[in-house]
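Here the structure is laid out as structure tokens; the discussion comes afterwards.
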Amino acid sequence: MPVDSAAREILAWYDANARAMPWRRAPGANVPVDPYRVWLSEVMLQQTTVAMATPYFEKFTGMWPTVEALASAEDAAVMSAWAGLGYYARARNLLACARAVAERGGFPGSEAELLTLPGVGPYTAAAVASIAFDEAAPVVDGNVERVMSRLFAVETPLPAGKRELRAHAAALTPTMRPGDYAQAVMDLGATICTPKKPRCGACPWQGRCAAFAAGNPERYPLKAPRAARPTRYGTAWWIEAEGHVLLVRRPPKGLLGGMVALPASEFALERVEGGAPVEAAWSRVPEPVRHAFTHFDLVLDVAAVRLPRRPDVEGEWHPIATIDAAGLPTLFRRAADAAMTPCLL
DNA sequence: AATTCGGGGTG
DNA sequence: CACCCAGAATT
């Protein structure tokens with residue numbers, strides 16, 4: 001039957017071309033994989049490149065080798081370890097999920113049960129079920145959507161086309177080696193069936209690809225136009241005293257939720273003056289920090305002051321010498337760098 | 001169905 | 001510069 005032959009073709013390609021990753025077993029190797037490591041890697045890989053996630057995976061598995069160890073960690077330690085990786089709701093859900101799994105005595109073994117865990121959606125549930133538990137669950141990520149859209153020349157633009165693409169992916173998913181198959185399609189999308197300039201000459205599915213036959217693979221997947229990103233403005237305050245700097249913990253939900261940060265204004269559509277935590281003779285960094293979030297660009301003014309004593313204000317005073325270990329997300333890490341430029345204070 | 005969530009790499 | 005990346009939760 002054609003479905004199984006398609007799976008055999010890409011599995012043969014995968015056996016010869018699989019990328020090596022710390023959480024991945026060799027293709028075809030009949031050895032169990034640790035569901036904890038599979039789950040951890042999949043959460044880190046949500047909207048995140050393999051290159052970015054890999055050092056964080058090594059750090060997390062080094063600090064917390066088991067899901068029980070992670071479940072016992074302090075919230076602040078996990079948030080700090082995640083700093084820089086982005087989408088910080090993932091870190092909060094990661095800890096909630098680890099605690100739920102430890103409480104119930106281990107990871108559930110089915111896609112349906114995995115789907116009930118915090119931070120585990122359709123993609124991650126299917127990925128863990130297929131890779132760790134050998135369940136033939138359809139794994140659909142951005143790579144799979146692109147591959148399917150080209151294979152079947154799907155004309156429905158994303159995101160409306162997701163259902164159709166998922167149906168194609170499900171129909172192709174084999175019962176044999178479903179985990180390797182899922183990773184094979186994702187590797188294909190990452191290395192051959194790329195968004196631009198796909199290397200169709202090296203593709204095991206070239207002979208069955210409708211977009212290749214039509215000569216326009218790069219046309220797929222079709223996408224609905226997205227809204228333009230507005231620019232927002234804000235101010236971060238660097239308050240230095242006795243070799244320490246004032247840091248705050250941001251509220252648990254929302255932008256950079258739960259992360260350590262410099263005190264900062266709201267990020268508004270127009271520049272707003274004032275609102276500093278203390279009244280002082282502020283120096284303004286010459287160039288604001290420009291930072292691109294998913295749905296807006298931020299222009300962040302950085303104001304700095306050095307005081308003789310620590311004022312009584314909300315927050316925690318952190319030694320400036322160890323600011324690298326404070327767990328600041330990238331935006332505030334860059335704001336701190338700007339404030340520490342020589343001769344500002 | 002549309003928004004809200006980071007950050008960096010790539011063409 | 002725009003686009004993309006092993007998406008999920010919320011509204």
Side-chain angles (χ1 to χ4, degrees), chain A residues 18-19 21 23-24 38-57 79 82-94 96-97 114-132 137-147 156-163 166 169 179-191 193-198 218 221 223-230 232 250-259 261 267 289-298 328-334:
Chain A
R19 295 178 290 171
M21 300 173 191
W23 51 84
R24 187 185 266 189
V38 175
W39 161 76
L40 178 61
S41 68
E42 293 301 344
V43 173
M44 288 183 168
L45 288 164
Q46 291 167 6
Q47 293 293 286
T48 304
T49 58
V50 170
M52 274 289 291
T54 297
Y56 283 85
F57 178 84
M79 299 310 291
W82 196 276
L85 195 54
Y87 283 153
Y88 298 98
R90 292 186 295 173
R92 302 192 299 270
N93 287 328
L94 187 83
C97 183
L114 287 161
L115 201 46
T116 68
L117 295 169
V120 177
Y123 164 76
T124 304
V128 175
S130 64
I131 297 170
V139 177
V140 184
D141 73 329
N143 290 303
V144 176
E145 287 182 347
R146 185 170 56 256
V147 172
T156 312
L158 290 171
K162 280 180 178 291
R163 301 179 64 94
R166 179 181 175 79
D180 281 350
Y181 168 82
Q183 295 177 91
V185 181
M186 292 191 283
D187 269 21
L188 188 75
T191 64
C193 196
T194 48
K196 296 176 182 176
K197 296 186 178 181
E218 212 165 323
K223 298 202 170 187
R226 61 175 69 171
R229 286 195 320 216
R232 288 175 176 267
R250 291 177 66 86
K253 293 184 178 180
L255 190 74
L256 305 174
M259 298 301 290
F267 300 152
V289 172
R290 294 175 182 276
H291 193 79
F293 288 98
T294 305
H295 53 294
F296 66 92
D297 292 320
L298 178 65
L328 290 171
T330 300
L331 169 66
F332 290 107
R333 169 72 260 197
R334 291 174 53 199

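Every chain is numbered from 1, with letters handed out A, B, ... down the list of sequences.
Take R334(A) and apply the side-chain contact (heavy atoms from CB on, under 4.5 Å) test, not counting sequence neighbours, and it matches V289(A), H291(A), T330(A). Listed by chain and number, the residues in a salt bridge (Lys or Arg N to Asp or Glu O under 4.0 Å) with E145(A) are K162(A) (sequence neighbours excluded). Partners of P221(A) according to the side-chain contact (heavy atoms from CB on, under 4.5 Å) rule, which considers only residues two or more places apart in sequence or in another chain, are R146(A), S149(A), L158(A), K223(A). Applying the salt bridge (Lys or Arg N to Asp or Glu O under 4.0 Å) test to R250(A) and every residue at least two apart in sequence or in another chain returns nothing. Evaluation of the salt bridge (Lys or Arg N to Asp or Glu O under 4.0 Å) rule for D141(A) yields no partner, not counting sequence neighbours. Among residues two or more places apart in sequence or in another chain, the side-chain contact (heavy atoms from CB on, under 4.5 Å) test is passed with A184(A) by I10(A), Y14(A). Listed by chain and residue number, nothing satisfies the salt bridge (Lys or Arg N to Asp or Glu O under 4.0 Å) test with R290(A) (two or more places apart in sequence, or in another chain).
Atom CD in E42(A) sits roughly 9 Å away from atom P in dG7(C) (whole-Å rounding). Distance, K197(A) NZ to dG9(B) C1': 16 Å, rounded to whole Å. The separation between R226(A) atom CZ and dC1(C) atom P is 15 Å, rounded to whole Å. Regarding I131(A), its CD1 atom lies at a distance of 13 Å from the P atom of dA6(C), rounded to whole Å. In this structure, CG of L158(A) is placed 13 Å from C1' of dC4(C), rounded to the nearest angstrom. Rounded to an integer number of Å, the gap from CG of D141(A) to C1' of dA6(C) is 4 Å. The CD-C1' distance, from E218(A) to dT10(B), rounds to 13 Å in whole Å. Summarising the geometry, the separation between CZ on R146(A) and C1' on dC4(C) is reported as 8 Å, rounded to the nearest angstrom.
Within residues 115-124 of chain A, no residue approaches DNA chain B, by heavy-atom distance under 4.0 Å.
For the pair K162(A) and dG7(C), the criterion of a side-chain N or O lying under 4.0 Å from OP1 or OP2 is not met.
Remark: the separation of the P atoms in dA8(C) and dG8(B) is 22 Å, to the nearest Å. Comparing dA6(C) with dC5(B), their P atoms sit 23 Å apart, to the nearest whole Å.
Within 4.0 Å of M259(A), counting heavy atoms only, lies no atom of the nucleic acid at all. Among the heavy atoms of the strands lying under 4.0 Å from W23(A) is at least one base atom, whether or not backbone atoms are also near.
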Problem set entry | Test log, rule side-chain hydrogen bond (donor to acceptor under 3.5 Å, both in side chains), inputs R90(A) and Q46(A) | CA-CA 9 Å; R90(A) 292 186 295 173; Q46(A) 291 167 6; 4.9 Å; no

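Side chains of M259(A) and W82(A) form no contact here, defined as non-hydrogen atoms less than 4.5 Å apart.
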Exercise. Nucleotide by nucleotide, 5' to 3', does protein get under 4.0 Å of the base (B), only the sugar-phosphate (S), or neither (-) in nucleotides 1-7 of chain B, counting heavy atoms?
Worked result: ---SBBS

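The residue among N93(A) and V50(A) whose nearest nucleotide of DNA chain C lies closer to the 5′ end is V50(A).
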